[in-house]
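Contents: one structure, followed by commentary.
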There are 2 protein chains.
Amino acid sequence: MAERVRLLDVAKAAGVSQGTASNAFGKPDLVRKEVRERILEVAKELGYRGPHVMARMLRTGKAGALGVVFPDNLEYAFSDPVAIELLRGVGRECARQAVNMMIISAENPEQAITAINNAAVDAFLVHCYSDDNDIISAIQRRNQPLVCIDTDIAGAAGTVVLDDFAGAEMAAQHLIDCGARKFAILSLQANKAENFGPMNAKRRGAVSHRVVRERLGGYHASLKKAGIAIEDVVHIECENMSSHSAEMVETMLRDHPEIDGILAMSDVIAIGALDGARASGRKIPDDLKVIGFDGIAEGERTDPPLSSIRQDSVEKGRLAAEMALGETQGDNNRVLETSLLVRGSTR
Amino acid sequence: MAERVRLLDVAKAAGVSQGTASNAFGKPDLVRKEVRERILEVAKELGYRGPHVMARMLRTGKAGALGVVFPDNLEYAFSDPVAIELLRGVGRECARQAVNMMIISAENPEQAITAINNAAVDAFLVHCYSDDNDIISAIQRRNQPLVCIDTDIAGAAGTVVLDDFAGAEMAAQHLIDCGARKFAILSLQANKAENFGPMNAKRRGAVSHRVVRERLGGYHASLKKAGIAIEDVVHIECENMSSHSAEMVETMLRDHPEIDGILAMSDVIAIGALDGARASGRKIPDDLKVIGFDGIAEGERTDPPLSSIRQDSVEKGRLAAEMALGETQGDNNRVLETSLLVRGSTR
DNA sequence: CTGAAAGCGCTTACAG
DNA sequence: CTGAAAGCGCTTACAG
């Protein structure tokens with residue numbers, strides 16, 4: 001490959017100083033029109049490809065990119081429908097602000113830290129459930145704006161979370177209103193230790209993921225209000241994967257045939273629950289009512305269509321990106337609302 | 001904020017040269033253990049945050065990131081299930097090679113070109129349908145490895161495409177084997193001009209998107225072989241969106257009630273076709289057989305489950321990333337195979 | 001194994 | 001509006 005043409009080469013060939021040549025590209029208003037055009041023409045003749053990105057970055061200190069990290073599970077970003085919606089929102093805001101989107105990729109936590117240190121970005125966005133995390137610390141060490149989604153982290157420039165408590169309250173209240181009395185709660189993973197299956201009271205007390213804690217609290221609040229004892233509620237911790245929750249629900253319905261209402265902490269889990277319930281011979285919503293959480297599009301096509309608590313994940317991502325990129329004034333701890341979405345799986 | 005601590009500050013404080021300090025971080029083997037440890041300790045005391053990313057990039061010329069561009073439609077990346085699978089594959093390979101993933105984001109083509117010029121990456125991956133494209137030219141001007149997915153572009157370092165022709169042949173042959181005789185083809189967008197609706201012979205001759213050209217060719221080959229005249233086949237160009245194809249199919253079945261086989265160029269289109277056919281009172285597969293293309297997971301849950309031509313989009317993305325990052329020897333024009341996926345929508 | 005020096009390519013005060 | 005100069009922070013030949 002030929003030697004790279006530099007700005008200085010262009011400047012010399014055009015008979016101007018390097019500074020003027022630089023301005024011709026970066027600040028066109030500062031250069032007289034004829035001069036600018038001559039510089040651009042000479043540049044084209046020499047095959048100059050425009051200012052070197054890395055050099056400009058070093059000089060200006062601006063990377064023109066937003067880093068996005070998924071510390072809990074790095075492949076998760078492109079698997080979970082909710083995470084994808086989030087990315088769509090982030091992408092939208094990045095496009096609006098003419099900033100690229102750097103997805104930090106790694107196979108394991110150690111590599112993730114290296115990846116974070118190697119990323120030329122102006123700010124970070126983190127989606128995670130827990131806050132005690134080496135990856136988070138690595139980001140904080142970079143000393144750049146950091147916005148957290150779905151969890152609170154001390155020292156973050158901002159936080160975007162859902163009013164998970166209120167959403168869960170709504171979900172449980174809705175099932176109660178539909179006549180359910182014997183409840184099962186299908187929980188998302190509650191903390192770092194993977195411990196899928198029945199969730200006893202001890203484990204329910206050791207929840208470190210904010211989302212799980214809040215949603216559990218919301219469910220319980222409505223159930224208690226309706227006079228239902230929490231000890232009588234079946235709790236199961238599920239992987240966020242339909243095939244897994246389907247199995248869990250089949251087993252559960254064998255052990256607890258009386259269950260007539262399922263509160264699932266995600267639509268992905270709820271969709272599996274529909275499968276498991278159908279395989280167990282239950283008619284939904286007649287025998288058993290199921291409500292999910294998130295309101296993903298796929299819930300429209302299930303059999304029956306899935307009731308849920310709708311959240312606007314796209315907006316969640318967009319807003320977080322906006323905050324990270326520093327266009328937001330004032331309050332930097334945002335709580336987004338949810339709404340009840342009634343479809344065929346409850347009545 | 002305090003002044004940034006530089007490597008030179010660390011070197012001075014540790015009583016070594018800057019070069020040695022640099023090696024302590026980047027090439028630990030070249031520095032005696034005690035010296036290295038002293039340097040690292042001094043660094044920690046001074047609050048040195050590790051080598052400045054941009055400076056290292058400028059010096060080494062390596063960005064440690066792969067650029068990913070979706071020139072046809074920039075929001076498409078996080079909307080289309082097939083694009084998301086592609087991204088998952090790219091992400092997986094990036095993780096394997098410890099490289100980050102830079103998604104080029106922009107609201108319009110002009111901004112996209114700026115975004116490309118501002119991206120500090122080592123190589124580009126492009127997913128697109130057409131090859132005549134200002135955005136592609138902008139990437140090529142960067143003079144970095146470029147791998148194209150789903151289209152051929154002159155001067156690309158590599159290409160990953162599907163054997164779309166063979167896949168489409170299989171799809172049509174399968175419907176013929178199932179007894180269909182009166183066909184409709186639901187095409188993806190055929191070229192830059194959005195021209196949704198009936199697709200006459202003239203427009204069928206002006207297809208610039210490779211995928212559409214190949215799939216159309218494959219369908220036609222099987223149909224001709226079965227003695228079906230192409231002029232009798234209804235062709236409709238659809239937006240790649242289920243709600244749109246559903247409408248198109250309702251109208252189509254009103255105008256052409258004889259249709260008993262639908263060949264859809266994507267599963268997203270096919271899923272809409274199922275809706276449209278159901279709304280028109282057709283029983284699938286008894287009255288009408290439908291086959292899609294792609295084999296996305298969502299096709300398992302439709303009513304009835306969708307037959308399709310399966311492609312491995314994850315592997316497509318992964319392979320393209322591998323090629324772009326230069327780990328591939330030999331042939332750099334890969335053609336991936338497809339397979340027939342028979343489910344409830346055909347019999 | 002260590003040190004002194006050059007230079008990656010640019011932008012931005014500064015002086016005119 | 002233009003030019004000369006400094007410096008962003010690092011890594012890497014090179015000489016010892």
Side-chain angles (χ1 to χ4, degrees), chain A residues 1-40 42-43 46-64 117-122 142-144, chain B residues 1-40 42-43 46-64 117-122 142-144:
Chain A
M1 201 181 298
E3 285 271 288
R4 174 175 205 100
V5 181
R6 282 140 39 253
L7 189 58
L8 185 58
D9 305 321
V10 174
K12 276 182 183 158
V16 297
S17 76
Q18 193 179 182
T20 301
S22 172
N23 285 335
F25 287 96
K27 312 205 164 166
D29 312 345
L30 298 187
V31 183
R32 213 181 340 137
K33 196 170 170 235
E34 310 111 60
V35 179
R36 176 172 19 110
E37 282 170 358
R38 181 155 44 89
I39 295 173
L40 261 37
V42 169
L46 294 182
Y48 180 63
R49 293 194 226 111
H52 186 104
V53 195
M54 296 162 184
R56 183 178 23 189
M57 281 184 183
L58 175 57
R59 180 59 231 231
T60 63
K62 284 271 144 220
N117 287 326
N118 287 338
V121 299
D122 299 315
R142 293 250 335 215
N143 236 22
Q144 293 184 303
Chain B
M1 202 181 297
E3 285 271 291
R4 171 174 207 103
V5 181
R6 280 138 42 254
L7 188 56
L8 186 57
D9 304 322
V10 175
K12 277 182 183 157
V16 298
S17 76
Q18 193 178 178
T20 300
S22 172
N23 285 336
F25 288 95
K27 313 206 162 167
D29 311 345
L30 298 186
V31 183
R32 211 177 346 133
K33 193 167 172 241
E34 312 110 61
V35 178
R36 175 166 26 102
E37 282 169 357
R38 181 157 42 90
I39 294 174
L40 262 36
V42 169
L46 294 181
Y48 180 63
R49 291 194 227 113
H52 186 103
V53 195
M54 296 163 185
R56 182 174 28 183
M57 281 186 184
L58 175 58
R59 179 61 230 230
T60 64
K62 284 273 146 219
N117 287 326
N118 287 339
V121 299
D122 299 315
R142 294 246 341 212
N143 237 21
Q144 292 184 303

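A, B, ... follow the sequence lines: proteins, then strands. Residue 1 opens every chain.
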*Using the salt bridge (Lys or Arg N to Asp or Glu O under 4.0 Å) rule, take B:Arg38 and B:Glu34 through it: C-alpha gap first, then chi angles, then the decisive distance, then the call.*
CA-CA 6 Å; B:Arg38 181 157 42 90; B:Glu34 312 110 61; over 6 Å; no
*Start with the C-alpha distance between A:Arg56 and B:Asn118, add both sets of side-chain angles, then the distance that settles side-chain hydrogen bond (donor to acceptor under 3.5 Å, both in side chains), and finish with yes or no.*
CA-CA 9 Å; A:Arg56 183 178 23 189; B:Asn118 287 339; 3.1 Å; yes
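The interatomic distance linking A:Leu7 (CG) with C:dT12 (P) rounds to 12 Å, in whole Å. Here the P atom of nucleotide C:dC8 and the CE atom of A:Met57 are 19 Å apart, to the nearest Å. For the pair B:Arg56 CZ and C:dG9 P, the interatomic distance rounds to 18 Å; values are reported in whole Å. Protein atom CG of B:Leu30 is 10 Å distant from nucleotide atom P of D:dT12, rounded to whole Å. Rounded to whole Å, the distance from NZ on A:Lys33 to P on D:dC1 is 13 Å.
Distances shown here put every side-chain N or O of B:Arg6 at or beyond 4.0 Å from the OP1 or OP2 atom of D:dC10. OP1 or OP2 of D:dG3 lies within a sub-4.0 Å distance of a side-chain N or O belonging to A:Thr20. B:Tyr48 has no side-chain polar atom (N or O) that falls below the 4.0 Å cut-off from OP1 or OP2 of D:dG9.
Heavy-atom nearest nucleotides on DNA chain C were determined for B:Leu58 and for B:Asn23, and the one closer to the 5' end corresponds to B:Asn23.
Of all nucleotides listed (D:dT12, D:dA4, D:dC10), D:dT12 comes nearest to the side chain of B:Lys27. Taking every side-chain heavy atom of B:Gln18 into account, D:dT11 is the closest of D:dG9, D:dT11, C:dC10. The nucleotide whose nearest atom lies closest to any side-chain atom of B:Val35 is, among C:dT12, C:dT2, D:dG3, C:dT2. Side-chain proximity of A:Arg32 to C:dT11, D:dT2, D:dG9: nearest is D:dT2. Of the candidates C:dT11, D:dA4, C:dT2, D:dA4 carries the atom nearest the A:Ser17 side chain, counting heavy atoms from C-beta on.
Residues A:Arg59 and B:Met54 fail the side-chain proximity criterion, which asks for heavy atoms closer than 4.5 Å. Side chains of A:Gln18 and A:Arg6 form no contact here, defined as non-hydrogen atoms less than 4.5 Å apart.
Shown here, D:dC14 forms a base pair with C:dG3; the pair counts as Watson-Crick or G-U wobble because both key distances fall under 3.5 Å.
Ionic pairing of B:Lys12 and B:Asp9 is not present here: no N-O contact between side-chain nitrogen and carboxylate oxygen is shorter than 4.0 angstrom.
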